[in-house]
Amino acid sequence: MGELVLTRKTSRFFREMNTVITVMARDITVYLKSPSTAIMSLAMPIMMMGMIGGNLMQNMAGGLDFNFGSFMLVGMLINMLFMITTMGMTSLVDDHDIDFNQEMLVSPVSRYSLVIGKILGSAFGAIMGMAGTLIVGLFMGIRLPIGQFLTILALSPLMCLSGGALAMMMIGLIKNKKAANIAVMLITMPQMFLSGAIIPITNSSGVLLILNRLMPMTYCLDLTRAVIYAGTPEYNSVVMFNPAVNFAAIVSLTVVCLIIGTFFFAHSEKNR
């Protein structure tokens with residue numbers, strides 16, 4: 001009897017993993033067949049990092065206790081992971097229009113496997129989009145050591161999962177592509193400025209303090225910088241929280257957003 005139960009659990013595990021991989025592979029294929037998405041991945045860093053970041057480097061970097069260029073480059077890498085992942089999640093609206101979502105939801109697999117597969121598929125484009133940010137950084141004279149880049153690369157799936165879970169909370173309620181794109185901007189743009197991606201927030205107070213503490217990107221950025229700046233004199237000027245606190249906050253917020261977002265998503269599709 002025990003062997004039968006174990007066999008069923010093993011079979012279900014592999015079925016759920018196959019679901020995640022299948023959904024993820026579909027989104028990766030769509031990304032590779034869409035040159036415009038890759039072009040956008042290069043265009044956004046030029047606009048955000050090249051223009052906004054470049055202006056900040058020239059006007060405010062002199063009074064800081066750390067290298068603003070490196071600070072901003074790490075911030076923009078995480079910001080792009082969040083932004084492109086959430087943009088990829090808007091394709092759920094297109095899947096809704098062609099009834100692909102309902103076809104997936106009637107299958108005997110967990111709704112969370114479907115959603116996680118979707119997030120990881122979107123994360124592929126986000127990770128590829130990091131190349132655009134690095135290229136812009138090179139033109140601005142900002143260098144990122146290979147070891148630090150590999151560290152960010154290792155953390156990127158967690159960051160994308162956090163951003164995708166946050167997007168699910170809004171995508172589950174939106175069935176219009178235009179509204180979904182606006183929702184993505186509402187998710188990513190405030191976080192870019194309030195979570196510390198390009199502007200230090202160590203002295204934030206009042207409403208701004210409350211807002212940045214509620215944003216998942218704040219903890220993703222701080223965790224990444226804690227790893228990048230570990231053992232350097234700049235650590236205390238850049239990092240706000242203990243890495244364990246950041247990791248716990250990321251996991252907690254991701255789980256909460258994933259549960260709420262998946263519920264709304266499945267409920268809206270069920271009631272069509």
Side-chain angles (χ1 to χ4, degrees), residues 27-28 30-32 34-57 68-91 118-140 142-146 148-168 171 180-181 183-201 212 215-225 227-228 250 254:
D27 271 53
I28 291 175
V30 171
Y31 174 84
L32 294 175
S34 176
S36 60
T37 305
I39 294 172
M40 185 63 67
S41 299
L42 291 172
M44 285 194 294
I46 293 174
M47 180 183 68
M48 296 181 180
M49 187 173 170
M51 297 181 182
I52 300 174
N55 188 51
L56 290 173
M57 282 184 67
F68 181 72
S70 299
F71 175 90
M72 178 183 65
L73 180 59
V74 173
M76 285 306 301
L77 286 170
I78 302 302
N79 179 69
M80 292 307 297
L81 288 176
F82 261 70
M83 180 170 288
I84 298 178
T85 300
T86 54
M87 287 177 61
M89 295 301 290
T90 61
S91 64
K118 184 70 178 179
I119 294 174
L120 294 179
S122 300
F124 175 82
I127 293 172
M128 293 297 101
M130 292 171 69
T133 305
L134 292 172
I135 292 171
V136 174
L138 288 174
F139 278 104
M140 295 175 67
I142 308 172
R143 303 290 186 271
L144 186 68
I146 186 65
Q148 293 184 0
F149 173 71
L150 292 176
T151 298
I152 295 175
L153 199 60
L155 291 171
S156 59
L158 176 63
M159 309 307 171
C160 293
L161 191 61
S162 178
L166 179 62
M168 276 303 300
I171 300 298
N181 289 329
V184 166
M185 291 298 103
L186 291 175
I187 290 173
T188 55
M189 294 303 290
Q191 289 194 96
M192 182 176 74
F193 292 105
L194 296 178
S195 66
I198 58 176
I199 302 173
I201 59 171
N212 68 51
M215 294 178 173
M217 195 191 296
T218 298
Y219 304 99
C220 291
L221 284 165
D222 206 51
L223 176 62
T224 305
R225 287 177 175 142
V227 176
I228 296 298
I250 294 170
T254 299

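Fair warning: this is a prediction, and the values are worked out from it, not measured in the lab.
Across all non-hydrogen atoms, the minimal contact from Ile187 to Ala167 is CD1-CA, 3.7 Å. Cys220 approaches Ile78 most closely through the heavy-atom pair CB-CG2, 4.2 Å. When all heavy atoms are compared, the tightest approach of Ile199 to Phe193 is CD1-CD2, 4.2 Å.
Going from atom CG of Leu155 over to atom CG of Leu150 covers 11.0 Å, rounded to the nearest 0.5 Å. Put simply, CZ on Arg225 and CD1 on Ile152 are 9.5 Å apart, with the number rounded to the nearest 0.5 Å.
When side chains are defined from C-beta on, Met72 counts as touching Ile142, because their heavy atoms get closer than 4.5 Å. Residues Met192 and Phe82 are not in side-chain contact: their nearest non-hydrogen atoms beyond the backbone lie 4.5 Å or more apart. Under the 4.5 Å side-chain criterion, counting only non-hydrogen atoms from C-beta, Thr224 is not in contact with Thr151. A 4.5 Å side-chain heavy-atom check between Leu134 and Leu77 finds at least one atom pair inside the cut-off. In this structure the side chain of Gln191 never reaches within 4.5 angstrom of the side chain of Asn79, judged on heavy atoms.
Residues meeting the side chain to side chain contact (heavy atoms under 4.5 Å, CB included) test with Ile201, sequence neighbours left out: Ser204, Asn212, Thr218, Met240.
Within the 3.5 Å criterion, the main-chain N or O of Met83 finds a donor-acceptor partner in the side chain of Thr86. Remark: side-chain polar atoms of Ser162 are not paired, donor with acceptor, to backbone N or O of Met159 under 3.5 angstrom.
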